[in-house]
Amino acid sequence: MFAELVSQEPPLPLADAMERALGFADSQTGPRGALRIAIQVWAESLRDPALAVFVADKYGHFRGLFAALARRAQETGELPADADPEAIGAALFGMIPGYALQRILAHGPDKKTYADALRVLIRA
């Protein structure tokens with residue numbers, strides 16, 4: 001789903017792409033969601049070097065997809081040309097597990113509230 005966001009033609013506005021990513025995260029935070037087990041995997045990766053390599057590889061790949069979203073947003077003029085797409089991608093990527101953790105551990109905020117806040121931040 002994330003790779004599809006990057007290749008969308010024409011490119012989605014960044015806030016719309018992030019809202020779709022939040023939708024995926026939202027779908028995976030329920031009782032049977034894969035992101036619930038991610039918390040345990042993150043913790044175990046701190047103790048298991050092989051798992052740490054696996055986690056770093058997967059998360060590095062996802063972070064790269066968000067950097068690609070930032071580059072596309074630069075190409076359309078949505079982000080400044082002199083912005084660092086790798087840094088922006090890292091920040092955007094961090095918003096997804098941050099949202100998921102809040103959904104799992106604190107039972108909120110809801111997707112609309114978080115997406116609306118992201119829209120404000122992206123416009124700022």
With a 4.5 Å cut-off on side-chain heavy-atom distances among I, L, V, M, F, W and Y, is there a chain of contacts connecting L105 to M95? yes
Value for CG (L14) from CG (L121), rounded to nearest 0.5 Å, stands at 11.0 Å
For F24, ring-ring contact (aromatic ring centres under 6.0 Å, His included) partners two or more places apart: F2
According to the ring-ring contact (aromatic ring centres under 6.0 Å, His included) rule, which pairs have a member within residues 100-124, sequence neighbours left out? Y99-Y114
Under the side-chain contact (heavy atoms from CB on, under 4.5 Å) test, residues paired with E75 that sit two or more places apart: R72
Give me the atom names and distance for the closest heavy-atom approach of M18 to I122. CG-CD1, 4.3 Å
Restricting to non-hydrogen atoms, name the atom on V6 and the atom on L65 that form the minimum distance, rounded to 0.1 Å. CG2-O, 3.4 Å
Taking side-chain contact (heavy atoms from CB on, under 4.5 Å) as the test, write out the residues that go with V53, two or more places apart. none
Spatial distance of atom OG1 (T29) from atom CG (L22) [nearest 0.5 Å]: 10.5 Å
Could you work out, with side-chain contact (heavy atoms from CB on, under 4.5 Å) as the rule, every residue matching R63, not counting sequence neighbours? A90, F93
Among residues at least two apart in sequence or on other chains, which ones pass side-chain contact (heavy atoms from CB on, under 4.5 Å) with P80? D82, A83
Closest heavy-atom pair, L35 versus A25, reported as atoms and distance to 0.1 Å, is CD1-O, 3.6 Å
Are any side-chain N or O atoms of Q74 and backbone N or O atoms of L79, one a donor and one an acceptor, separated by less than 3.5 Å? no
With sequence neighbours left out, which residue pairs that include part of residues 32-50 fulfil the side-chain hydrogen bond (donor to acceptor under 3.5 Å, both in side chains) condition? W42-Y59
Between G89 and A70, the two heavy atoms sitting closest are N-CB, 4.3 Å
So which pairs with a foot in residues 87-111 pass salt bridge (Lys or Arg N to Asp or Glu O under 4.0 Å), sequence neighbours left out? D26-R103
Determine, using the 4.5 Å side-chain heavy-atom cutoff (strictly less than), whether I104 and I37 are members of one ILVMFWY cluster. yes
Can you run down the salt bridge (Lys or Arg N to Asp or Glu O under 4.0 Å) pairs that involve residues 52-62, sequence neighbours left out, and say none if there aren't any? none
Contact summary for P11 and T76, nearest pair of heavy atoms: CG-CG2, 4.0 Å
For residues 115-124, which residue pairs pass the salt bridge (Lys or Arg N to Asp or Glu O under 4.0 Å) check, not counting sequence neighbours? D16-R119, E19-R119, K112-D116
Can you tell me how far the CD atom of Q8 sits from the CG atom of L69, to the nearest 0.5 Å? 10.5 Å
Shared hydrophobic cluster for I88 and V120 (ILVMFWY, side-chain gaps under 4.5 Å): no
Closest approach of P109 and Q102, non-hydrogen atoms and distance? CD-OE1, 3.4 Å
